[in-house]
Amino acid sequence: MPKAKQYVDQSMSSVQTTVNTLQQALSSAEKQDNKNKIQEAINSLNSAQQQLSQYQD
C-alpha cells in the first residue's frame, strides 16, 4: 500500500499541472474580472503546494 508521502507527491504534481493550465487560461482570458479570479485560484494552489512541500513522512 502506498505511503502517504506518495499521495502527497502525486497531489503536488497534479497541482502543478493545474497551475500550468490555469496560467494558459489567464493569458487567454479577456475580462479583467475573470483574470482576477484565475489569478486568485493560482495563488491558492501555489499556497497549497507550498504547504504540501513541507510534508514530512
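Being a predicted model, the structure only gives us computed values, none of them experimental.
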Discussion item. Rounded at 0.5 Å granularity, tell me how far CD1 in Ile42 sits from OG in Ser47.
Written reply: 13.5 Å
Worksheet item: Hey, is the main chain of Lys3 close enough, under 3.5 Å, to the side chain of Gln6 for a donor-acceptor pair?
Response: yes
Discussion item. Looking at Thr17 and Ser13, would you say the former's side chain and the latter's main chain have a donor-acceptor pair under 3.5 Å?
Written reply: yes
Fill in: Those residues that, when tested against Lys35, pass salt bridge (Lys or Arg N to Asp or Glu O under 4.0 Å) (two or more places apart)
none
Worksheet entry | Any residue meeting side-chain contact (heavy atoms from CB on, under 4.5 Å) with Gln10, in chain and number order, not counting sequence neighbours | Tyr7
Practice prompt. Could you verify whether a donor N or O on one side chain and an acceptor N or O on the other, from Gln50 and Asn46, lie under 3.5 Å apart?
Written response: no
Discussion item. Is there a continuous path of hydrophobic side-chain contacts, each under 4.5 Å between heavy atoms, that joins Val15 to Val8?
Written reply: no
Worksheet item: Atom OG in Ser28, atom CD in Gln23: separation rounded to 0.5 Å?
Response: 12.0 Å
Practice prompt. Applying side-chain contact (heavy atoms from CB on, under 4.5 Å), name anything that partners Thr18, two or more places apart in sequence or on another chain.
Written response: Leu22, Leu45
Worksheet item: Do Asn36 and Glu40 have side-chain atoms, one donor and one acceptor, less than 3.5 Å apart?
Response: no
Worksheet, complete the sentence: Interatomic distance, CD@Gln49 vs CD@Gln54, rounded to 0.5 Å, equals 12.0 Å
Practice prompt. Indicate, with yes or no, if Val19 and Met12 share a hydrophobic cluster defined by side-chain heavy-atom contacts under 4.5 Å among Ile, Leu, Val, Met, Phe, Trp and Tyr.
Written response: no
Item to complete: Could you tell me whether the side chains of Asn20 and Gln24 share a donor-acceptor contact shorter than 3.5 Å?
Response: no
